[in-house]
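Keep in mind it's a predicted model, so treat the numbers as computed, not measured. Computed over heavy atoms, backbone and side chain alike; hydrogens, waters and symmetry mates excluded. As the structure lists them, so they are numbered: ligands from 1, and atoms in each ligand from 1.
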Amino acid sequence: MAAAWEQWNHVTKIDPDKALHDGDTFTDIADTGTDALILGGTTNVTESSVQSILDAFVSVEIPVFVEPTYHPTTFQHATLTGYLIPIVLNAGDRTWVTGAHHEWVRSTETIEWELTHTEAYIVLNPDSAVAIYTQANCDLDADDVVAYAELAEQILGQQIVYLEYSGTLGDPAVVAAARDVLSSAQLFYGGGIHDYDSAYKMAKVADTVVVGDLLHDAGIEAVEETVRGATDA
Ligand code: 1GP
């Protein structure tokens, strides 16, 4: 069976630590035309905040994944499609390469492996919370990024490679070069997508674009515009 994400052009990432824009509801998000929802943020993501958003999505038909920051908790299944576990390839703190994962596997009796997938992150905005948190080495040129993407797929067997420019729009040439080196892994791009044009531009060079802050800062209609951009690309 093909992996769910192979069909995704556009994903909306909801930060459980941030409020929605005025008047927006969680169910509105699924109606934007986005292909999937990811619940995840870098800081203050609590079990109860994630569970209450999952509860709000009980009737949505698109996939809903949880991207845990630290110990994945087992959530109730009604709406949950699965877990996406980040591995930060260029983290300076090895907690984010295998440390947290090791602790999680060691301390959890039964892990639902059939619902659990990994994402090979390459963090590229040094000013982002995720870069600071993971002590990522963002001083990478295009060849460095391409090599990380290639090793993610060929050495680590990753099916998702995620170029994370969180908070800023990345360089489309770097994104294109990373996608070119992948044979079947899916290239996710996230960071700074804020309108039709930025979504279109990045969706041209990535397999899947991820929109995060825009949802919280500008709301549903702005997200809809990015869905149109990604779809047209
Ligand atoms: C964050 O890649 C996502 O993990 C999206 O980034 O918040 O900048 O849209 P933005």
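Near D213, meaning under 4.0 Å from any of its heavy atoms, are these atoms of ligand 1: 7 (O), 9 (O), 10 (P). Applying the 4.0 Å criterion to heavy atoms of G192 picks out, from ligand 1, the atoms 8 (O), 9 (O), 10 (P). Using a 4.0 Å cut-off to heavy atoms of E164, the atoms of ligand 1 that qualify are 1 (C), 2 (O), 3 (C), 4 (O).
Looking at H10, its side chain never comes within 3.5 Å of a backbone N or O of V211 through a donor-acceptor pair. In this structure a side-chain-to-backbone donor-acceptor pair under 3.5 Å is present from H194 to G192. The main-chain N or O of I85 is never found under 3.5 Å from a side-chain atom of E67 such that the two would form a donor-acceptor pair.
The shell of residues lying under 4.0 angstrom from ligand 1, judged by heavy atoms, includes Y162.
Polar contact check, S166 against ligand 1: no nitrogen or oxygen pair lies under 3.5 Å apart. Checked by distance only, ligand 1 and G167 come closer than 3.5 Å through their nitrogen or oxygen atoms. For ligand 1, none of its N or O atoms has an N or O atom of V211 under 3.5 Å away. Not a single N or O atom of V210, backbone or side chain, sits closer than 3.5 Å to an N or O atom of ligand 1.
A centroid separation of less than 6.0 Å is found between the aromatic rings of Y165 and Y189. Ring centroid separation for the pair W96 and Y121 does not come in under the 6.0 Å cut-off.
The closest protein non-hydrogen atom to atom 9 (O) of ligand 1 is G212 N, 2.9 Å.
Salt bridge annotation for D217-K18: absent, with no cationic side-chain nitrogen under 4.0 angstrom from a carboxylate oxygen.
With hydrogens and angles left out, the side-chain atoms of S184 and E6 include no donor and acceptor closer than 3.5 Å.
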